[in-house]
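Numbers here simply count residues along the sequence, with the first being 1. Scope of the values below: all heavy atoms of this structure, side chains included, with no hydrogens, waters or symmetry mates. Everything numeric in this text was worked out from a predicted model, so none of it was measured.
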Amino acid sequence: MSAPVIVEATAKQTATLIFMHGLGDTGHGWSSALAAIRPPFMKVICPTAPTQPVSLNAGFRMPSWFDLKTLDISGPEDEPGIQAARDNVHGMIQKEISAGIPANRIVLGGFSQGGALALYSALTYDQPLAGVVALSCWLPLHKKFPGAKLNSEDVPIFQAHGDYDPVVPYKFGQLSASLLKSFMKNVTFKTYSGLSHSSSDDEMDDVKDIISKWQQTNHL
């Protein structure tokens with residue numbers, strides 16, 4: 001895997017955001033937008049997924065965290081690939097902890113396939129994290145939950161989705177949020193009217209606010 005894009009903190013680093021891009025993108029795709037909204041004490045890590053064949057795109061090779069077989073919420077999923085990608089994310093968290101940043105000051109985030117990976121990785125991690133920013137995504141292997149959950153039910157989740165999304169249907173975001181709300185205590189699902197499969201200034205402002213709110217409530 002290529003080296004992640006790292007945006008160093010501009011003040012003394014006391015927190016980290018690890019953010020996973022969507023299918024076919026790279027760590028560079030999100031680094032500047034996140035650099036503009038993160039607090040000065042937060043380092044941002046934007047890894048790039050390995051390049052591999054994607055069934056959904058006729059086996060075409062592209063950066064992908066795991067294979068996508070279909071975008072049908074009840075369709076088959078690449079369980080070994082999802083778990084291997086999760087282990088990789090857990091390794092990144094561990095590296096930050098080894099460098100002196102406690103787990104409860106680490107935020108996981110992602111967009112689309114990367115957001116799905118962030119949700120799954122956070123829920124199956126065994127130490128409370130600062131929070132999860134899950135944009136335009138879904139909960140992978142959802143039938144395994146809440147049984148597969150290892151984390152605290154108090155970890156805050158901010159899920160955001162455009163209601164005009166032609167790639168990951170808005171309904172999938174809603175279904176994932178309602179499932180998450182059934183076993184997690186602090187789930188926010190925010191709808192962006194007219195937004196397709198992308199981000200917006202409004203959404204980025206909200207992500208900035210939520211990270212700052214987690215900071216004030218001692219999640220960060």
Side-chain angles (χ1 to χ4, degrees), residues 1-11 13-54 56-57 60-68 78 81-99 101 103 105-122 124-125 129-138 140 157-161 165 167-168 196-201 203-208 210-211 220:
M1 214 162 77
S2 54
V5 179
I6 293 178
V7 183
E8 296 291 356
T10 54
Q13 184 202 352
T14 58
T16 302
L17 166 62
I18 301 171
F19 193 95
M20 274 70 72
H21 62 72
L23 182 67
D25 198 1
T26 69
H28 289 281
W30 281 88
S31 55
S32 55
L34 296 169
I37 62 157
R38 54 79 195 254
F41 56 79
M42 179 175 269
K43 177 168 93 172
V44 180
I45 301 174
C46 295
T48 294
T51 298
Q52 56 185 320
V54 177
L56 187 66
N57 289 348
F60 189 74
R61 291 174 62 83
M62 60 183 62
S64 180
W65 299 108
F66 47 86
D67 190 24
L68 281 174
D78 173 20
I82 291 166
Q83 290 175 340
R86 181 265 323 265
D87 292 346
N88 190 8
V89 174
H90 287 179
M92 287 187 264
I93 296 171
Q94 206 48 54
K95 204 169 163 188
E96 288 304 293
I97 292 172
S98 301
I101 305 299
R105 294 188 61 80
I106 298 172
V107 175
L108 281 191
F111 173 79
S112 191
Q113 188 195 36
L117 177 58
L119 277 173
Y120 186 78
S121 300
T124 57
Y125 192 65
L129 298 162
V132 188
V133 173
L135 310 179
S136 306
C137 67
W138 68 97
I157 296 171
F158 176 72
Q159 207 182 333
H161 217 114
D165 190 330
V167 180
V168 178
S196 65
H197 193 62
S198 63
S199 187
S200 66
D201 291 346
E203 185 181 70
M204 284 288 103
D205 286 345
D206 289 341
V207 172
K208 180 179 183 173
I210 201 88
I211 288 175
L220 258 186

Legend entry - Inter-residue atom distance W30.CH2 - M204.CE, 0.5 Å rounding: 4.5 Å
Legend entry - Nearest atoms (heavy-atom pairs only) where Q159 meets C137: NE2-O, 4.0 Å
Legend entry - Verdict with reasoning, S31 to V7, per side-chain contact (heavy atoms from CB on, under 4.5 Å): CA-CA 7 Å; S31 55; V7 183; 4.2 Å; yes
Inset, instruction - Start with the C-alpha gap between I93 and L129, add the side-chain angles, then the distance that decides, and say whether side-chain contact (heavy atoms from CB on, under 4.5 Å) holds. - result: CA-CA 10 Å; I93 296 171; L129 298 162; 4.3 Å; yes
Legend entry - Distance-minimising heavy-atom pair for A9 and R38: CA-NH1, 3.7 Å
Under 3.5 Å, which donor-acceptor pairs do the side chains of residues 17-27 form with other protein atoms, sequence neighbours left out?
{"unit_1": "H21", "atom_1": "NE2", "unit_2": "D25", "atom_2": "O", "d": "3.4"}
{"unit_1": "H21", "atom_1": "NE2", "unit_2": "A49", "atom_2": "N", "d": "2.9"}
{"unit_1": "T26", "atom_1": "OG1", "unit_2": "H28", "atom_2": "N", "d": "3.2"}

Legend entry - Side chain proximity check, H161 to W138, heavy atoms < 4.5 angstrom: no
Inset, instruction - Output the distance between atom CD (Q13) and atom CZ (R105), rounded to the nearest 0.5 Å. - result: 9.5 Å
Legend entry - Reported CE-to-CD1 distance for the pair M42 and I106, which is rounded to 0.5 angstrom: 9.5 Å
Legend entry - Interatomic spacing from NE2 in H90 to OG1 in T124 - rounded to 0.5 Å: 4.0 Å
Inset, instruction - Please report the C-alpha distance between I101 and K43 in whole Å, then the side-chain angles of each, then the deciding distance to 0.1 Å, and finally whether the side-chain contact (heavy atoms from CB on, under 4.5 Å) criterion is met. - result: CA-CA 10 Å; I101 305 299; K43 177 168 93 172; over 6 Å; no
Inset, instruction - Taking all heavy atoms of I211 and all of P39, pick out the closest pair and write down the distance. - result: CG2-CD, 3.8 Å
Which atom pairs, donor and acceptor, lie under 3.5 Å between side-chain atoms of residues 109-116 and protein residues at least two apart or in another chain?
{"unit_1": "S112", "atom_1": "OG", "unit_2": "H197", "atom_2": "NE2", "d": "2.9"}
{"unit_1": "Q113", "atom_1": "OE1", "unit_2": "W65", "atom_2": "N", "d": "3.1"}
{"unit_1": "Q113", "atom_1": "NE2", "unit_2": "S64", "atom_2": "OG", "d": "3.1"}
{"unit_1": "Q113", "atom_1": "NE2", "unit_2": "F66", "atom_2": "O", "d": "2.7"}

Inset, instruction - Could you pull out the closest heavy-atom pair between T51 and R61, with the gap in Å? - result: O-NH2, 3.3 Å
Inset, instruction - List the atom of P53, the atom of D67, and the distance in Å for their closest heavy-atom pair. - result: O-OD1, 3.6 Å
Legend entry - Nearest-0.5 Å distance, OG1 of residue T16 to NZ of residue K95: 11.5 Å
Legend entry - Heavy-atom closest contact (A118 atom, L108 atom, distance): O-CD1, 3.7 Å
Inset, instruction - Any chance you could measure D206, atom CG, to S199, atom OG, to the nearest 0.5 Å? - result: 9.5 Å
Inset, instruction - Would you mind reporting whether S196 and D165 have side-chain heavy atoms less than 4.5 Å apart? - result: no
